[in-house]
Amino acid sequence: MDVRRRPARPSQPPPPQSASTSSALDHHQTSSPKASDALPLPLYLTNGIFFTLFFSVAYFLLHRWRDKIRNSTPLHILSLSELFGVLCLIASFIYLLGFFGIDFVQSFISKPESDEEHQRFILHEDRKIHCGLPPKAKPPVELPQDDEEIVERVVSGEIPSYSLESKLGDCLRAAKIRREAVQRLAGRGVEGLPLEGFDYDSILGQCCEMPVGYVQIPVGIAGPLLLNGCDYSVPMATTEGCLVASTNRGCKAICASGGATCVLLRDAMTRAPVVRFSSAKRATELKFFLEEPLNFDTLSVVFNKSSRFARLQNIQCAVAGKNLYIRFSCSTGDAMGMNMVSKGVQNVLDFLQNDFPDMDVVGISGNYCSDKKPSAVNWIEGRGKSVVCEAVITGDVMSKVLKTTVPSLVELNMLKNLTGSAIAGALGGFNAHAANIVSAIFIATGQDPAQNIESSHCITMMEAINNGKDLHISVTMPSIEVGTVGGGTQLASQSGCLNLLGVKGANKESPGSNARLLATIVAGAVLAGELSLMSAISAGQLVKSHMKYNRSSRDITKIGS
């Protein structure tokens, strides 16, 4: 259809067209030939012939192969008619997939446009040609060369602060400009917050947005921790005095007693979307469908295609009225795996929508996961890596290194970690200070610090053995959420700490083994920290040691100047 021959509307005469505009319109109209234009017969006749040929040949070959199976004749031995049939089947399939498929797609792409659509196209092409811009190109953003002028434009809101990296192409310069703008907007300075000496390119798009500096946290080393026959020097990033020293003393006691043993019980990250139906009956129908073992294999294939490391392990459902909470558990290799499991869950939800079109996905996370919150489901079912770590501390080490006795430590653990926590209504908090060690190692190795909440779920057990001479101590931690790839693990400092432990990056020979080893090291360090702190409380040394090591009288500002 040629727009130039159409009569103008009475109420809106067409604007004059330049030669370039007419050329663009002609190109628009003639640049999309249909695949059916090259066919000798009309499209519907050609399609009918090949449809008939395809199904006729398929029917013929199926009957011949059925007879061969009954007569125990090898299928690969073909007669002339069968060979011709196979060639016809392939040819008709190629046509239906290629020519008919392309024409089908083009029938949607090449629909005639309305008068308004044609008019918009003409004006749009004319504007692009006269401005000298390539199609769909956006005019470049002009930024002043002077940083002071950019700061003023950020303060005024003319330039968004979050866009400085993309506009300037220099992450350090963007951080400097943003820092100055923030100080002017707040009316306060950030002296003491370092800016130089950090690789801001390494965090772009993955760790932190709109940076203005970085916080310095000292890293201490506790160890060696003798765990499963190997020594580990454990990096701990903390500002709490005595923490590294106390954990180091626990490592010394464990090493002197022959070391600790740690076993991984489970490895599965979880994500639990919430979906809604019009009735509770429909919600339960999906629950029964998901928990049917025959359907699990199909759902596993759909889930696992999201990643070569993601492997669906379990689906657990909970119903609340007409709402269904679906808790997916899967292994995630050496990654902590939140993004990986979320992608797999999205694939399954899209798949289920075909059989349950009335399913309304309210949220990809319904808190039945449960992430960054203390919860009974994580305490009971586990999330991430579930581990148990144990050691036997001899009586000599108890008296010489820990300065306490086995009976007093067992009694304190029962009254403090078990009974006291029960009276307080603790959820996963049956320990002395597991969160201290978990947080310090998490920050040092680039883990998500907020996941310290469920990762610190821990129950500490102590028991006198060998006629009361020695102490058996164990920590059981069902939800250690760690990874050695992705997120903050890729930053230089955190990568160095992972390398010190021998778990940097992904393990190519045994995917997931680095993350599992890191989880056992965390549990081993927690065991050392629990042993040392409980011994200090039992011996009455807690307040004295903190007053000595955690209360400095030095004027730090004078030292810095």
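Here the structure is a predicted model, which means the values were calculated and not measured. Reckoned from all heavy atoms, side chains included, excluding hydrogens, waters and symmetry mates.
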**OP:** Show the numbers, then the answer: is there a side chain to side chain contact (heavy atoms under 4.5 Å, CB included) between V215 and L193?
**Re:** CA-CA 7 Å; V215 175; L193 180 68; 4.2 Å; yes
**OP:** Provide the closest heavy-atom pair for I437 versus A525 in the form atom of the first, atom of the second, distance.
**Re:** CG2-CB, 3.6 Å
Original post:
Where the side chain of E180 meets the backbone of V151, is there a donor-acceptor pair that is under 3.5 Å apart?
Top reply: no
**OP:** State, with a plain yes or no, whether a side-chain heavy atom of R516 is found less than 4.5 Å away from one of V387.
**Re:** no
Original post:
Any Lys/Arg nitrogen of R184 or E148 sitting under 4.0 Å from an Asp/Glu carboxylate oxygen of the other?
Top reply: yes
Original post:
CG of L501 to OG1 of T484: how many Å apart, nearest 0.5 Å?
Top reply: 11.0 Å
Could you pull out every donor-acceptor pair under 3.5 Å between side chains of residues 373-382 and any protein atom, sequence neighbours left out?
residue : atom : partner : partner atom : Å
K373    : NZ   : D371    : O            : 2.4
S375    : OG   : N378    : ND2          : 3.2
N378    : OD1  : R327    : NH2          : 2.9
N378    : OD1  : S370    : N            : 3.3
N378    : ND2  : S370    : O            : 2.6

Subject >> CG-CD1 distance between D448 and I443, expressed to the nearest 0.5 angstrom >> reply: 10.5 Å
Original post:
Can you name the side-chain hydrogen bond (donor to acceptor under 3.5 Å, both in side chains) partners of S495, sequence neighbours left out?
Top reply: K504
Original post:
For T270, what residues pass the side-chain hydrogen bond (donor to acceptor under 3.5 Å, both in side chains) criterion, not counting sequence neighbours?
Top reply: R383
Original post:
Under the side chain to side chain contact (heavy atoms under 4.5 Å, CB included) criterion, do H433 and E530 qualify, and how do the steps go?
Top reply: CA-CA 7 Å; H433 70 150; E530 290 287 282; 3.4 Å; yes
Original post:
Is there any ring-ring contact (aromatic ring centres under 6.0 Å, His included) pair reaching into residues 301-342, and which pairs are they, with sequence neighbours excluded?
Top reply: none
Original post:
A175 and L195: which non-hydrogen atoms are nearest, and at how many Å?
Top reply: CB-CD1, 3.9 Å
Original post:
Once you round to the nearest 0.5 Å, how far does OG1 of T520 lie from CD1 of I480?
Top reply: 8.5 Å
Run the side-chain donor-acceptor check on residues 203-212: report pairs under 3.5 Å with partners two or more places apart or on a different chain.
residue : atom : partner : partner atom : Å
Q206    : OE1  : Q490    : NE2          : 2.9
Q206    : NE2  : S202    : O            : 2.5

Original post:
Does S421 reach the main-chain N or O of G429 with its side chain, forming a donor-acceptor pair under 3.5 Å?
Top reply: yes
Original post:
What residue among K176, R153, R173 forms salt bridge (Lys or Arg N to Asp or Glu O under 4.0 Å) with D147?
Top reply: R173
Original post:
Taking side chain as C-beta onward, heavy atoms only, is D334 less than 4.5 Å from N507?
Top reply: yes
Subject >> Minimal non-hydrogen separation, A434 against V526, with atom names >> reply: CB-CG1, 3.8 Å
Original post:
Just wondering, do I221 and L500 contact through their side chains at under 4.5 Å, heavy atoms?
Top reply: yes
Run the side-chain donor-acceptor check on residues 338-348: report pairs under 3.5 Å with partners two or more places apart or on a different chain.
residue : atom : partner : partner atom : Å
S342    : OG   : R271    : NE           : 3.2
S342    : OG   : M338    : O            : 2.8
Q346    : NE2  : D350    : OD1          : 3.1

Original post:
Is a side-chain donor or acceptor of S532 paired with a backbone partner of G529 at a separation under 3.5 angstrom?
Top reply: no
Subject >> Residue pairs involving residues 154-198 (criterion ring-ring contact (aromatic ring centres under 6.0 Å, His included); sequence neighbours excluded) >> reply: F198-Y200, F198-Y214
Original post:
Within a strict 4.5 Å, meaning less than it, do heavy atoms of the L299 and L290 side chains meet?
Top reply: yes
**OP:** For the pair T332 (side chain) and A335 (backbone), establish whether a donor and an acceptor sit closer than 3.5 Å, ignoring hydrogens and angles.
**Re:** yes
Subject >> Closest heavy-atom pair and its distance - G483, A515 >> reply: CA-CB, 4.2 Å
Subject >> Minimum-distance pair of heavy atoms, taken over all atoms of L324 and A283 >> reply: CD2-O, 3.7 Å
**OP:** Can you sort out the partners of S439 under side-chain hydrogen bond (donor to acceptor under 3.5 Å, both in side chains), two or more places apart, ordered by chain and number?
**Re:** N452
Original post:
When rounded to the nearest 0.5 angstrom, what is the spacing between CG in L491 and OG1 in T445?
Top reply: 11.5 Å
**OP:** Taking the side chain as every heavy atom from C-beta outward, state whether M336 and K385 have any pair of such atoms under 4.5 Å apart.
**Re:** no
Subject >> Partner set under ring-ring contact (aromatic ring centres under 6.0 Å, His included) for Y368, not counting sequence neighbours >> reply: none
Original post:
For K372, does its backbone N or O pair with a side-chain atom of E454 as donor and acceptor, under 3.5 Å?
Top reply: yes
**OP:** Examine distances only and state if a side-chain atom of N323 and a backbone atom of A320 form a donor-acceptor pair shorter than 3.5 Å.
**Re:** yes
Original post:
Is there side-chain contact between N499 and C497, with heavy atoms separated by less than 4.5 Å?
Top reply: no
**OP:** Work out which heavy atom in V438 is nearest to a heavy atom in S456; give both atom names and the distance.
**Re:** CB-OG, 3.6 Å
Original post:
About how many Å separate CD1 of I177 and NZ of K167, when rounded to the nearest 0.5 Å?
Top reply: 12.5 Å
Original post:
Would L517 and Y232 satisfy side chain to side chain contact (heavy atoms under 4.5 Å, CB included), going step by step from the backbone distance to the final call?
Top reply: CA-CA 11 Å; L517 178 55; Y232 300 97; 3.4 Å; yes
Original post:
So, does S246 use its side chain to make a donor-acceptor pair with the main chain of L243 at under 3.5 Å?
Top reply: no
Subject >> Residue list, salt bridge (Lys or Arg N to Asp or Glu O under 4.0 Å) with E191, at least two apart or on another chain >> reply: none
Subject >> F430 and H457: CA distance, side-chain angles, deciding distance, side chain to side chain contact (heavy atoms under 4.5 Å, CB included) verdict >> reply: CA-CA 8 Å; F430 298 91; H457 281 349; over 6 Å; no
Original post:
Between R178 and V182, is any pair of side-chain heavy atoms under 4.5 Å apart?
Top reply: yes
**OP:** Nearest 0.5 Å please: distance from the CD1 atom of I326 over to the CG atom of L349.
**Re:** 6.0 Å
Subject >> side-chain hydrogen bond (donor to acceptor under 3.5 Å, both in side chains) partners of D360, counting only residues at least two apart >> reply: R276
Could you pull out all donor-acceptor pairs under 3.5 Å where a side-chain atom in residues 311-318 meets a protein atom, sequence neighbours excluded?
residue : atom : partner : partner atom : Å
R311    : NH1  : S307    : O            : 3.4
R311    : NH2  : R308    : O            : 3.2
Q313    : NE2  : D267    : O            : 3.1

Original post:
Taking S455 for the side chain and E481 for the main chain, is one N or O donor matched with an acceptor at less than 3.5 Å?
Top reply: yes
**OP:** Would you mind reporting whether D355 and L286 have side-chain heavy atoms less than 4.5 Å apart?
**Re:** no
